Amino acid sequence: MDYKEKEENRKTGAIKKNNVVTRRRVLKSLAGVPVLAAFSAAVIGDWGARKEKAGALVKELGLDQIPASARATGSGNAKDLIRVGIIGFGSRAIALANGLGYMHPDDTRKKKGKSLENWMEQANLNVAVTAICEVFDLRAKLGMETVQHDLRPGGGKQPDLPVKRVADYREMLDDKKIDAVVIATPDHWHARMTIDAIQAGKHVYCEKCISRTEEELYQVYDTVRGSDRIYQQGHQITKNRVFQQAGEIINRGLLGSISLVETTSNRNSASGAWIRHLDGNGNPLPGSPGTIDWKQWLGPTPYVPFSIDRYYNWTKWFNYGTGLLGQLFSHEFDAVNQLLRIGIPGKAFASGGIYFWKDNREIPDLLQVAYQYPDQGLSLTYSGNLASSYQRSRKIMGRDATMELGASLTLSVDAGSARYKDLIERGVIDPNVPMINLDPSSEGVDAVSSATEQYYASRGLTHTFIDGIRVDVTHLHLAEWLDCIRNGGVPAANIERSFEEGVAIQMAQKSYLEGREVTWDADRKKIV
Amino acid sequence: MRFRNGGYSGAEMLVLAMLRFAVGWHLLYEGIVKITDPGWTSANFLRESKWILSGFSEWILSDDGILHAVDLLNSWGLTAIGAGLVLGLFTRVVSLSGAFLLLLYYLNSPPLTGLVYSVTADGNNLIVNRTLIEAICLVLLAVFPSGRFLGMDSLFSRKKATVMEVS
């Protein structure tokens, strides 16, 4: 074929059969196809190999089969409607209201895109908040606006009952139509309110810590134990999928005998150290004796003149709580106790002090506690620090493996393990590389904003992922409580777990204040 | 030979095509991994953004919708660019788009003195890194569009090919 002929072919665009040059052109135009075929083969081979490797161990251990962390389901039946009163409407109550299916209009406007979508997919728990008790007018207004907002998640028919603000929580308890109360006040009110509510026949969801003092602790315990009402403490970690996988790993004995559990709190911000009475520009937040019922706020504690510092930063004083122990260690203890069921410690020794946040506080900003469980051959330690946010993981250390558990889970085999000796020698397991690494958060975009919120997220306390959807664990925890109210059953953070934790906290508190080791006298049911 | 390949020698053609296949392969795989990983998001990369594009990255991160759009553009863009390069289809357009995309990546985290990243880079880089080199390679592939002679562009670019062949 000569040049003219080729030109002709090009001009007409004709691809003639038996035309050598044109055929060559077609072949050349498809030069990338074999490369693409090789690429596809490589990718498919690579996926197969990777899937096998990553999935093998998790599958073998059945960790992919753990069913729990199901999406919560409400009850659409109108007769199952549960009427709820919320006592205290501070920042924690906002999260609880969100979990129950209420959000303030401003927050729904601020939440955009996926986070609002996720919330809207939350189950309709078939509850109606019909009363709010709050001593501060501003927060009461916020609460009323929140529960009166008609944008509700979960679809279905939403109850639309009137909501009242009550000045005193006892008014709420007198209301026979109210089935249950959610208590989210400062800690010095928890025990009193729980006792009164249970005695008034209400089911109780109470935030940690169960009580401020040892005496109150026994009173709450006896009251709840002696009643058929459902009590759930605000420890939502059991609803985290990764926590359930951790439970499975422990139940299968993969860690071997466990002798040491290390827990920590790591924060390094004013807010994290409970200095929260100033806005971003350093001006005091709203609140005055005219807008806050100070006498009621103080409740059973000794009278002091109104103080905006005390109102917002109450955790700093022993009169209103147990500091790091009640606010942060309580979550750590619950996580460990739910997994290992270690119960009440035999002995405790706590030490620490006010080392960095030298304001008017009474509570230590650094606290170390060593708990002994002589019968179980186990020690639990806690190290709380408010002046460094270096992340120290929660570690459960066994002879065969150590588990680090937070928002994700890592299991590392011990080089000295007898159980895995063969596998280590055969090179199947490398003790220097975690054997299992479960990170449910990689399934979605994280959107935790503040340092304090990030701290809670890192401990697995804010959300979990179910089928790739981010679900609020507090919502799941509330759902469990409501489910037990409707259908019977015992919720995870029941009074026994709550009491064990309360005793552990009181032991550390006593030890810190008295500067000595304390012992739990199981016979007399008393800390000595 | 020179005539047939529009002015390139056989060796030149072969090297150009190899470069095109290699860069195409890489970008195609990057794209496909991102499409098939349901948890993948550009958010982690954007959070690391330093230097002149950090404000732009923050803007993307500020809204779930924008972030989602950027994720889609990234994963499908990389896949399309990679496939185009391998097949020699729309070579010039995909080369330049690829160069632009890679330059964006580079400008978000350039290895400049004083900028520290939490994710350790592969190897040691100062100002020039592999992303920049790959971007320049794509510019090279746009300037020497081998797809017209060894790739599917030859089916569409008769006229230009003719001109080049005649000249």
Side-chain angles (χ1 to χ4, degrees), chain A residues 1 3-4 6-15 20-47 50-51 54 110-119 439-449 465 467-470, chain B residues 3-6 13-14 17-18 20-22 24-29 31-33 36-44 46-47 61-69 71 82-89 91 146-163 165-166:
Chain A
M1 193 174 355
Y3 173 67
K4 272 187 181 168
K6 275 194 276 175
E7 268 304 284
E8 192 56 33
N9 279 342
R10 281 190 197 106
K11 279 176 188 160
T12 58
I15 298 174
V20 179
V21 174
T22 312
R23 186 190 296 149
R24 183 184 289 142
R25 165 175 288 169
V26 171
L27 285 175
K28 281 168 85 179
S29 76
L30 299 175
V33 173
V35 180
L36 207 57
F39 175 85
S40 309
V43 168
I44 290 165
D46 178 56
W47 277 345
R50 214 189 284 197
K51 216 172 169 184
K110 268 184 242 156
K111 262 187 198 276
K112 277 180 286 185
K114 220 167 180 177
S115 56
L116 186 64
E117 253 172 59
N118 282 347
W119 182 73
D439 184 6
S441 69
S442 68
E443 288 176 24
V445 190
D446 220 4
V448 281
S449 47
F465 289 89
D467 303 332
I469 293 171
R470 186 185 155 114
Chain B
F3 176 75
R4 211 173 277 150
N5 289 322
M13 192 69 233
L14 192 68
M18 273 166 57
R20 209 184 75 212
F21 290 148
W25 182 298
H26 175 227
L27 299 187
L28 180 59
Y29 187 63
I32 283 182
V33 165
T36 51
D37 177 0
W40 177 81
T41 166
S42 54
N44 299 328
L46 293 169
R47 270 193 211 108
L61 285 168
S62 69
D63 189 287
D64 281 355
I66 300 172
L67 180 64
H68 190 58
D71 284 353
L85 286 169
V86 170
L87 292 173
L89 187 62
T91 317
S146 62
R148 279 179 207 156
F149 313 106
L150 207 62
M152 294 178 79
D153 280 346
S154 66
L155 299 174
F156 301 99
S157 58
R158 258 169 221 115
K159 207 169 173 191
K160 279 187 187 170
T162 308
V163 173
E165 282 190 1
V166 171

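In the text below, chain A, chain B and the rest are named by the order of the sequence lines, each starting its count at 1. Computed from a prediction, not measured in an experiment: that's the story for all the values here.
Both the backbone and the side chain of A:A38 come within contact range of chain B, judged by heavy atoms closer than 4.5 Å.
Note that the CH2 atom of A:W47 and the CD1 atom of B:I32 stand 6.0 Å from one another [nearest 0.5 Å].
Closest approach of B:W25 to A:V35, counting heavy atoms only: CZ3-O, 3.8 Å. Shortest non-hydrogen contact noted between A:A31 and B:F21 is O-CZ, 3.9 Å.
Here the side chains of A:F39 and B:L28 are in contact, with some heavy-atom distance below 4.5 Å.
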